[in-house]
Amino acid sequence: MDPTSDTLAVSFEINGRAVTVHVEPRRLLSDVIRHDLRLTGTHVACEHGVCGSCTVLLDGAPVRSCLLFAVQVDGCKVDTVESLATPTPEGGLKLHHLQQAFHLEHGLQCGYCTPGLLMTLLPWLEQNPSPTEADIRQAISGNLCRCTGYHNIVKAVQRAIALSAEEG
Amino acid sequence: MSRLIGQRLPRREDARLLTGRALFTDDVDLPGMLHAAFLRSPVGHARVKRLDLSRARARNGVVAVYGADDLGALWGPGPLLVPPPPIEDIYFVQRTIVPLAKDKVRHMGEPVAMVIATSRYVAEDALEDIVLELEPLPAVLDLEAALERDAARVHEDLPNNLASHVVQTKGDYEAALAEAPVVLKRRFRYDRGVAAALENRGVVAEWDAKGGVMRIWDTTQAPIPIRNGVAGMLGLSESQVQVVAPFIGGGFGPKMMMFYPEEILVPWASRQLGRPVKWIEDRRENFGATTQERLQIHDSEIALTKDGVILGVKDVFLHDSGAYNSYGLTIPINSQCTLLGQYNIPNYYSEFKVVFTNRVLVTPYRGAGRQHGVFVIERLLDFAARELGIDRAEIRRRNLIRPEHYPYDNELIYQDFAPLVYDSGDVEPVLDKALDMIGYDDFIRNEQPAARAEGRHLGLGLVCYTEGTGIGPYEGARVRVESTGRVSVATGVGTQGQGHYTSLAQVVAEPLGLSLQDVDITTGDTTRFHWGTGTFASRGAVVAGNACYAAAQQVRQKVVALAAKLLRCLEEDVEVSGGRAFIHNHPDKGYMLSELAALANPLRGAVEPGTEPGLEATAYFGPPRGATANGIHAAIVEVDPETLQVQTRKYVVVHDCGTVLNPLLLEGQVHGGVAQGLGNAWYEELDFDEQGRILNNNLHDFMLPTAQDIPPIDVGHEETRSPLNPLGVKGAGEAGAIPGAAVFVQAVEDALGIDGLELRDVPLSPAKLLHILSEHTGG
């Protein structure tokens with residue numbers, strides 16, 4: 001296939017911004033997010049939907065962006081890890097309480113799997129505001145982490161719930 | 001001086017990682033960048049009959065395609081990373097990897113051709129256009145059969161598949177054996193899989209022809225040696241090559257290997273084509289293109305008194321090298337040395353043979369062969385305890401090296417070529433703490449029998465381990481007070497999640513009286529610091545940490561001297577704290593560090609002879625030998641007698657790695673290691689077919705433990721400072737992973753409680769366990 005022709009226009013919303021990309025039908029959503037839109041916080045690790053690193057939200061639900069073609073998200077809303085923190089007037093970023101909890105509990109080491117975990121947990125915590133430890137372990141069992149042994153990730157989720165309660 | 005060393009501080013690098021703003025190698029995007037893909041051998045062993053690249057070259061979007069014959073002078077065997085240690089009568093033949101296979105492929109995944117195209121998609125399309133005709137050869141896979149006279153040869157110019165033969169001894173084992181009332185002899189098979197860092201490997205290279213500079217981003221644990229090697233192989237001077245190891249998505253050892261073919265081919269192609277080139281390994285590729293650890297077969301013998309006191313150990317083992325041996329003997333030497341543990345073993349005979357096979361090259365993966373040694377000695381002690389009717393904890397206690405016997409000389413040569421002398425330790429308090437934390441007595445007396453009465457099979461494991469850490473040769477660091485008053489630190493080691501931006505900042509901030517936020521750390525960028533070796537062998541905190549500490553103290557001395565001169569006071573009266581240097585008890589009489597930095601770099605006047613401008617110092621630290629950490633792991637598991645599924649219920653690690661710089665980060669290292677140890681014991685096994693093909697080369701079929709498989713992990717600390725470095729630290733990066741399989745199988749055996757059952761092979765799985773149990777009951 002000629003790489004310059006036979007592309008399709010795909011329009012969708014990413015992190016609240018409307019975009020249109022022209023892509024081959026075979027182009028993966030993860031490649032569009034990372035390399036065309038330069039949102040490199042979404043990471044690719046297993047490349048077939050097992051590890052959860054590339055998880056983004058599609059119309060609010062967690063999906064594996066390595067298993068989707070970009071053309072499938074036409075007209076949809078996509079949110080990536082870059083949408084979590086909020087810009088401050090000083091030009092910095094205020095971490096979302098879930099991110100803050102991962103920081104406080106040392107829930108990340110190399111940080112490669114972390115964006116996928118955050119995007120998996122974000123909608124899950126909204127639907128499961130008071131989970132048990134077993135619930136948490138099940139919720140993240142589709143996200144592989146090779147550094148932390150999961151111990152501090154579980155603690156981070158518990159901390160996030162506490163921080164959320166404090167924030168009201 | 002406010003204490004920062006030893007504090008439980010969260011990491012400074014987190015915000016960038018949590019918000020998706022940290023730079024990883026695949027995030028590098030350069031104008032005009034091309035993309036590489038590799039055609040790799042689909043089988044373990046075959047002769048290359050024909051390689052036709054013409055159709056691939058003709059494909060639209062393809063810029064270049066290279067086979068071995070197109071590489072010119074670049075083609076040839078790569079470097080030997082670690083030469084054989086100075087051990088008497090050592091046998092070692094060197095067969096290092098080549099950039100692209102020429103006449104023969106020797107393992108699945110060995111690269112045969114490189115395509116460069118305008119996109120990765122097109123480059124992979126072009127791989128399909130390449131015609132590669134292979135004549136299959138018998139794959140050398142079985143370690144014992146590989147050494148038989150009529151075996152196929154991995155390297156046909158060699159007389160056989162023997163890569164190395166090493167004997168090391170201490171005392172006189174045969175004499176000890178002759179006197180020994182109790183002798184046990186067993187065979188063990190210890191296999192490991194891939195490290196499976198979540199980030200695959202990758203290289204981006206940009207040849208700047210106008211500047212005469214090669215810029216490289218590489219997922220390496222050792223950016224400085226990569227720079228030096230690329231310079232040599234491309235005929236450039238070292239100052240013409242810049243290597244950045246940005247954020248790395250997990251290292252665990254295989255990213256320490258050098259040179260991988262891609263690490264030299266991608267920069268070479270960029271120079272050939274005058275355009276930036278990127279190669280990012282994909283996951284399936286990773287199973288054949290990135291190094292692994294694998295099988296050792298041990299025939300082991302232990303001689304004891306009737307009281308369970310060790311008189312001697314004999315261990316003869318085979319080690320799978322894979323198709324080449326570019327990394328040298330680090331892994332089998334580690335196995336050989338670590339087997340001795342923290343036990344007083346007066347007589348030791350250890351012999352190993354390294355075997356070339358048609359599998360991917362074996363290089364260190366977290367633990368780096370230490371696992372194998374720990375497994376053998378701990379299992380031998382388990383079986384001895386059972387035979388002699390001695391409690392598991394007690395037989396270990398009776399054999400521990402006494403604290404007064406450190407430094408303890410094992411009379412062997414270690415992987416760093418230095419004598420294996422343990423610098424310090426006191427294991428009995430570590431053992432007692434672990435017994436207490438796991439609830440040993442209560443488990444044996446109450447919990448286990450009560451559960452058994454309900455039909456539940458609980459078991460406990462308890463093992464000791466040694467971790468040789470912090471080896472040389474050296475690392476360095478440059479510390480500078482900037483004109484802003486902030487302090488910048490540059491060191492050569494790369495970082496793969498250990499938290500160097502925090503732990504090294506603690507080490508620098510404390511002597512300079514600063515808070516953590518005032519210190520900026522750069523790691524893994526050869527333009528910022530260009531002497532050093534890399535992050536491996538649990539040495540970052542020990543070697544780079546002490547270099548940073550030394551440089552910070554030198555800068556402090558410069559601050560004090562300048563302030564004393566300006567304040568007309570004695571140096572000993574100067575206090576450095578809160579970003580200022582001032583006269584003790586007169587905080588108003590002093591200077592900000594920013595002021596001092598400016599005054600140390602004046603625009604007028606002369607720098608006095610014998611002095612240097614600026615508040616800057618570069619220091620190096622090179623330990624005479626490695627610092628040795630130790631610890632105890634204990635675990636409680638439950639085995640379902642119907643399904644043979646095993647759930648680890650509780651896991652305790654008590655360890656002694658000397659001075660703790662940051663317990664939060666240290667515990668994180670231990671947690672992650674434990675998960676890899678349990679993964680090694682129960683989940684992770686490479687499945688090779690008879691042609692040397694890996695059948696489970698993806699993360700669906702090669703199972704890694706999930707959050708539901710790993711229990712909560714309790715970590716306890718004991719601190720015996722190392723006398724080998726000023727901070728008193730020992731490494732800890734591999735501590736969690738080393739004894740995992742030994743503790744796991746002991747616990748499973750204990751849970752099953754079947755008379756005479758011995759688990760001597762790792763990894764286990766429910767299917768394997770079923771097989772072992774059927775054989776046991778059948779026999």
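Both backbone and side-chain heavy atoms feed into the values below; hydrogens, waters and symmetry mates do not. None of these values were measured; they are calculated from a predicted model. So that the names make sense, note that chain A is the first sequence line, chain B the second, and so on, each numbered from 1.
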key: Portion of A:Leu84 that has a non-hydrogen atom of chain B nearer than 4.5 angstrom   = neither
ask   = Is the count of non-hydrogen atoms from other residues, nucleotides or ligands lying under 6.0 Å from B:His700 atom NE2 greater than 12?
value = no
task = Keeping the roles fixed (side chain from B:Arg21, backbone from A:Gly41), state whether a donor-acceptor pair exists under 3.5 Å.
result = no
request  = State whether a side-chain donor-acceptor pair under 3.5 Å links B:Asp709 with A:Tyr150.
outcome  = no
query = Does B:Thr19 offer a backbone N or O that forms a donor-acceptor pair with the side chain of A:Glu82 under 3.5 Å?
reply = no
message = What's the separation between atom CE in B:Met703 and atom CG in A:Leu144, rounded to the nearest 0.5 Å?
response = 11.5 Å
inquiry  = Looking at every non-hydrogen atom in both residues, tell me the closest pair between A:Asp31 and B:Tyr121 and how far apart they are.
reply    = OD2-OH, 2.6 Å
task = Could you pull out the closest heavy-atom pair between B:Leu17 and A:Cys110, with the gap in Å?
result = CD2-O, 3.5 Å
task = Please state whether the side chain, the backbone, both or neither of B:Phe24 comes within less than 4.5 Å of a heavy atom of chain A.
result = side chain
task = Counting only heavy atoms closer than 4.5 Å, note whether B:Ile248 contacts chain A via side chain, backbone, both or neither.
result = backbone
message = Taking B:Thr706's backbone N and O only, do any of them form a donor-acceptor pair with A:Arg137's side chain (distance below 3.5 Å, no angle check)?
response = no
ask   = Are any of the side-chain heavy atoms of B:Asp29 and A:His35 separated by less than 4.5 Å?
value = no
message = Heavy-atom pairs under 4.5 Å with chain A - which of B:Pro705, B:Gly736, B:Ala117 has more of them than the others?
response = B:Pro705
ask   = In terms of heavy-atom proximity below 4.5 Å to chain A, should B:Gln498 be classed as side chain, backbone, both, or neither?
value = neither
Engaged part of B:Leu23 at the chain A interface, taking heavy atoms whose separation is under 4.5 Å = neither
query = Is it the side chain or the backbone of A:His43 that comes within 4.5 Å of chain B heavy atoms, both, or neither?
reply = side chain
query = A:Leu93 versus chain B, heavy atoms under 4.5 Å apart: side chain, backbone, both or neither?
reply = side chain
query = If every non-hydrogen atom of A:Arg26 is compared with every non-hydrogen atom of B:Asp125, which pair is closest and at what distance?
reply = NH2-OD2, 2.7 Å
key: Heavy-atom pairs under 4.5 Å with chain B, option from A:Leu108, A:Leu117, A:Ile140 with the top count   = A:Leu108
request  = Can you tell which part of B:Glu199 gets under 4.5 Å to a heavy atom of chain A, answering side chain, backbone, both or neither?
outcome  = both
Heavy-atom check, side chain of A:Arg34 versus side chain of B:Asp27, under 4.5 Å = yes
key: Side chain, backbone, both or neither of B:Asn286 within contact of chain A (heavy atoms, under 4.5 Å)   = neither
note = Per-residue tally against chain B (heavy atom, under 4.5 Å) across A:Glu105, A:His103, A:Gln99 peaks at A:His103
ask   = Which pair of non-hydrogen atoms, one from A:Cys145 and one from B:Leu198, has the smallest distance, and what is that distance?
value = CA-CD1, 4.1 Å
query = Backbone N or O of B:Gly668 within a donor-acceptor pair of the A:Gln109 side chain at under 3.5 Å?
reply = yes
query = Side chain, backbone, both or neither: which part of A:Asn143 has an atom under 4.5 Å from a heavy atom of chain B?
reply = neither
remark   = All heavy atoms of A:Phe102 vs all of B:Leu18, minimum pair found to be CB-CD2, 3.7 Å
remark   = Bottom line for B:Arg11: the part with an atom under 4.5 Å from chain A's heavy atoms is both
inquiry  = Can you tell me which portion of B:Pro711 sits under 4.5 Å from chain A's heavy atoms? Options are side chain, backbone, both or neither.
reply    = backbone
inquiry  = Applying salt bridge (charged side-chain N to carboxylate O under 4.0 Å, His left out) to A:Arg146 and B:Glu684, what does each step give before you reach the verdict?
reply    = CA-CA 13 Å; A:Arg146 204 60 177 150; B:Glu684 300 164 21; 2.9 Å; yes
query = Would you say the side-chain atoms of B:Arg284 pair up with the backbone N or O of A:Cys46, donor to acceptor, closer than 3.5 Å?
reply = no
ask   = Tell me, side chain or backbone of A:Arg38 under 4.5 Å from chain B's heavy atoms, or both, or neither?
value = side chain
task = Report yes if the side chains of B:Pro712 and A:Glu133 come closer than 4.5 Å at any heavy-atom pair, otherwise no.
result = yes
ask   = Among B:Gly20, B:Gly250, B:Gly251, which has the most heavy-atom pairs under 4.5 Å with chain A?
value = B:Gly20
Side-chain donor or acceptor of B:His671 paired with backbone N/O of A:Gly149 under 3.5 Å = no
query = Judged by atom type as modelled, is there a donor-acceptor pair below 3.5 Å linking the side chain of B:Gln708 to the main-chain atoms of A:Ser141?
reply = no
ask   = Which region of B:Ala195, side chain (C-beta onward) or backbone (N, CA, C, O), has a non-hydrogen atom less than 4.5 Å from a non-hydrogen atom of chain A, or is it both or neither?
value = backbone
key: Option in B:Val674, B:Asp282, B:Asp26 with maximal non-hydrogen atom pairs under 4.5 Å from chain A   = B:Asp26
ask   = A:Ile136, A:Ile153, A:Val81: which one forms the most heavy-atom pairs within less than 4.5 Å of chain B?
value = A:Val81
key: Check: A:Glu47 and B:Asn200 side chains under 4.5 Å, non-hydrogen atoms   = yes
inquiry  = Heavy-atom pairs under 4.5 Å with chain B - which of A:Thr114, A:Thr42, A:Leu104, A:Asn152 has more of them than the others?
reply    = A:Asn152
message = Is there a side-chain contact between A:Val50 and B:Asn698 in this structure, where contact means two heavy atoms from C-beta onward sitting under 4.5 Å apart?
response = no
